[in-house]
**Student:** 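There's a structure below that I have some questions on.
What's counted below: heavy atoms across the whole structure, side chains too, no hydrogens, waters or symmetry copies.
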Amino acid sequence: IKTGKSHARHINLQNEGVLAGLTEAARSIKRHGALANAELSHGGKYADVDMAKDLKGRTQVRYGPSAEILPNGAKVEEMPKELIREIIEAFGQGAALIKRAGFDMVLIHGGHGWLIHQFFSLTSNKRTDEYGCDNIENRARFAVEVIDSVRAAVGPGFPIEFRMSGEEHIPGGYNIKDAIQFAKLIESKTDLLHVSTGTHENSFAIMHPSMFMERGCNVHLAAEIKKHVKIPVACIGALNDPEQMEEIIASGKACLLYTSPS
C-alpha cells in the first residue's frame with residue numbers, strides 16, 4: 001500500500017504493473033510443491049516516507065492512529081478517517097491482486113508494531129472516536145475492518161492468515177489476556193492465527209530471539225491463545241530443533257510452526 005511502505009523492497013499492490021512479477025513468483029513457489037502465501041502490511045507511523053512514491057500530491061507525512069513524536073524526532077500525524085477507509089479498501093485490493101497472481105492464501109500482518117498493531121496498542125492509540133482506546137472492541141475495529149475488506153475481495157474458501165503479537169513486552173503495552181480477547185474477536189473471520197510477539201519500541205530481541213535465548217521461548221503465547229479459539233494457531237520464535245517441534249505439535253501447543261534460522 002503506497003502510504004505504508006516500510007521496507008525498500010515492499011511491493012505496492014495498488015499498482016497492477018506488479019502482477020506479472022507476482023504471477024511468476026507464485027508459479028515458482030508452487031512448481032516445487034509448496035503453497036504460495038503473500039503478506040500484506042502497512043507501516044503506519046513507521047512508514048518510510050522518503051521511499052514513498054506517487055502519492056498524487058499528498059504531502060509525504062507519517063500517519064499513525066494518533067499524533068506523536070517518534071524517538072528519532074520524526075513527526076507522526078493522526079490518521080484521518082478518510083485515509084483509514086482508503087487503507088482498509090487498499091488491503092482488499094491488494095489481496096484481490098494476490099489471488100489473481102495465483103497465490104493460494106494471504107497473510108495480514110497485524111503484529112510487530114505495524115499499523116494494525118498500532119491501532120490495537122494503548123501505547124500508540126490515543127484516539128477518542130470509534131477506532132479509539134476506550135475498549136478492546138474499538139482498538140480492534142481497524143483490524144476487523146481490514147479482515148472484512150480482504151474477505152470481501154478474495155471470497156469464501158480462500159485462506160486468510162492473521163499474524164499478531166501475543167504480548168508487547170513494553171510498559172503500558174497489552175498483555176496475553178488482551179491478546180486472547182483480540183484473537184476471539186477475529187477468529188470467526190480468519191482461517192489461521194499466527195502468534196508472534198513484541199513490537200518495534202524495545203522488544204525486538206524478543207520478537208527475533210537470538211541463538212543465546214531458550215529454544216521455543218515464545219511458544220507459550222500461542223499455546224495460551226490456542227486454548228481460547230477454535231481455528232488453527234501457528235507459533236514462531238527460536239524454533240529449529242526437530243524433536244522439540246514435534247513435541248509442540250504432539251502436545252497441542254500449536255497446530256503448525258514457523259522455523260527460525262537463529
**Student:** Between F119 and L107, is there shared hydrophobic-cluster membership here, with clusters defined by ILVMFWY side-chain heavy atoms closer than 4.5 Å?
**Tutor:** no
**Student:** Have a look at V195 and tell me which of L221, N218, I176 forms a side chain to side chain contact (heavy atoms under 4.5 Å, CB included) with it.
**Tutor:** L221
**Student:** Quick check for you: to the nearest 0.5 Å, what is the distance between I108 atom CD1 and S41 atom OG?
**Tutor:** 11.0 Å
**Student:** Which is it for S124 and E68 under the side-chain hydrogen bond (donor to acceptor under 3.5 Å, both in side chains) test, yes or no, and what are the steps along the way?
**Tutor:** CA-CA 8 Å; S124 57; E68 61 178 300; 5.3 Å; no
**Student:** Please determine whether a side-chain nitrogen of the Lys or Arg among E24 and R31 lies less than 4.0 Å from a carboxylate oxygen of the Asp or Glu.
**Tutor:** yes
**Student:** Please round to the nearest 0.5 Å and tell me the distance separating atom NE2 of H42 and atom CH2 of W114.
**Tutor:** 11.0 Å
**Student:** Nearest heavy-atom pair of L239 and G216: which atoms, and what distance?
**Tutor:** CD2-CA, 3.7 Å
**Student:** Please answer whether the main-chain N or O of D134 pairs with a side-chain N or O of R127 as donor and acceptor at a distance below 3.5 Å.
**Tutor:** no
**Student:** Any side-chain heavy atom of L40 sitting closer than 4.5 Å to one from H109?
**Tutor:** no
**Student:** Give the cluster check for I147 versus V106: same hydrophobic cluster or not, with ILVMFWY residues linked at side-chain heavy-atom distances below 4.5 Å.
**Tutor:** yes
**Student:** When you measure from the side chain of D178 to the backbone of Q181, do you find a donor-acceptor pair of N or O atoms at a distance under 3.5 Å?
**Tutor:** no
**Student:** State, without any angle test, whether N37 and E161 hold a side-chain donor-acceptor pair at a distance under 3.5 Å.
**Tutor:** yes
**Student:** Compute the ring centroids of H112 and Y46, then answer whether they are less than 6.0 Å apart.
**Tutor:** no
**Student:** Measure the CZ-CZ distance between F103 and R27 for me, rounded to the nearest 0.5 Å.
**Tutor:** 11.5 Å
**Student:** Passes side chain to side chain contact (heavy atoms under 4.5 Å, CB included), L115 versus Y63? Steps please.
**Tutor:** CA-CA 9 Å; L115 182 60; Y63 287 102; over 6 Å; no
**Student:** Is the backbone of E145 close enough, under 3.5 Å, to the side chain of R141 for a donor and an acceptor to pair up by distance?
**Tutor:** no
**Student:** Would you please indicate yes or no on a ring centroid separation below 6.0 angstrom for H194 and F162?
**Tutor:** no
**Student:** If we only count heavy atoms from C-beta on, is the L193 to M164 side-chain gap below 4.5 Å?
**Tutor:** yes
**Student:** Quick one: are L257 and I236 in side-chain contact, heavy atoms under 4.5 Å?
**Tutor:** no
**Student:** What heavy-atom pair brings A96 and V154 nearest, and what distance separates the two atoms?
**Tutor:** N-CG1, 4.3 Å
**Student:** Is any side-chain heavy atom of K75 less than 4.5 Å from a side-chain heavy atom of R62?
**Tutor:** no
**Student:** Kindly indicate whether the side chain of K189, heavy atoms from C-beta on, has any atom under 4.5 Å from the side chain of I160.
**Tutor:** no
**Student:** V76 and G64: which non-hydrogen atoms are nearest, and at how many Å?
**Tutor:** CG1-N, 3.3 Å
**Student:** Applying salt bridge (charged side-chain N to carboxylate O under 4.0 Å, His left out) to R100 and E16, what does each step give before you reach the verdict?
**Tutor:** CA-CA 10 Å; R100 283 177 58 195; E16 289 206 359; 3.2 Å; yes
**Student:** Can any side-chain N or O of R139 pair as donor or acceptor with the backbone N or O of E137 at less than 3.5 Å?
**Tutor:** no
**Student:** Look at atom CD of E39 and say whether more than 12 heavy atoms of other residues, nucleotides or ligands are closer to it than 6.0 Å.
**Tutor:** yes
**Student:** Salt bridge (charged side-chain N to carboxylate O under 4.0 Å, His left out), that's the test. Do E187 and K184 meet it? Break it down for me.
**Tutor:** CA-CA 5 Å; E187 70 166 311; K184 292 168 72 173; over 6 Å; no
**Student:** Let me check something: do Y174 and L122 share a hydrophobic cluster, defined by ILVMFWY side-chain heavy atoms less than 4.5 Å apart, either directly or through other members?
**Tutor:** no
**Student:** Given salt bridge (charged side-chain N to carboxylate O under 4.0 Å, His left out), test K81 with E130 step by step and report yes or no.
**Tutor:** CA-CA 10 Å; K81 289 184 181 180; E130 67 268 31; 2.9 Å; yes
**Student:** Between Y131 and F120, is the ring centre distance below 6.0 Å?
**Tutor:** no
**Student:** Report yes or no: does S251 contribute a side-chain atom to a donor-acceptor pair with the main-chain N or O of I248 at less than 3.5 Å?
**Tutor:** yes
**Student:** Which of these, H208, H169, E168, E167, sits in a side-chain hydrogen bond (donor to acceptor under 3.5 Å, both in side chains) with T197?
**Tutor:** H169
**Student:** Can you tell me if E89 and S149 form a side-chain donor-acceptor pair at under 3.5 Å?
**Tutor:** no
**Student:** Rounded to the nearest 0.5 Å, how far apart are CG of L97 and CG of L19?
**Tutor:** 5.0 Å
**Student:** Shortest non-hydrogen contact from N125 to C133?
**Tutor:** O-CB, 3.2 Å
**Student:** Nearest 0.5 angstrom please: E243 CD to R215 CZ, how far?
**Tutor:** 15.0 Å
**Student:** How long is the span from the CD atom in E86 to the CE atom in M79, to the nearest 0.5 Å?
**Tutor:** 9.5 Å
**Student:** List for me each residue that meets salt bridge (charged side-chain N to carboxylate O under 4.0 Å, His left out) alongside K253, sequence neighbours excluded, and say none if there are none.
**Tutor:** E247
**Student:** Less than 4.5 Å apart, any side-chain heavy atom of C255 and any of K226?
**Tutor:** yes
**Student:** With hydrophobic residues grouped by side-chain heavy-atom distances under 4.5 Å, do L185 and V233 end up in a single group?
**Tutor:** yes
**Student:** What residue among I186, I88, I116 forms side chain to side chain contact (heavy atoms under 4.5 Å, CB included) with V144?
**Tutor:** I186
**Student:** More than 12 heavy atoms of other residues, nucleotides or ligands under 6.0 Å from NZ of K30: yes or no?
**Tutor:** yes
**Student:** Could you tell me which non-hydrogen atom of A254 sits nearest to which non-hydrogen atom of C235, and how far apart they are?
**Tutor:** CB-SG, 3.7 Å
**Student:** Assigning hydrophobic clusters by single linkage (Ile, Leu, Val, Met, Phe, Trp, Tyr; side-chain heavy-atom cutoff under 4.5 Å), is I84 placed with V150?
**Tutor:** yes
**Student:** Please examine the side chains of H117 and S165, heavy atoms only from C-beta on, and report whether any two atoms are closer than 4.5 Å.
**Tutor:** yes
**Student:** Quick one: are D191 and I231 in side-chain contact, heavy atoms under 4.5 Å?
**Tutor:** no
**Student:** How close do G132 and N138 get, counting heavy atoms only, and between which atoms?
**Tutor:** O-CB, 3.0 Å
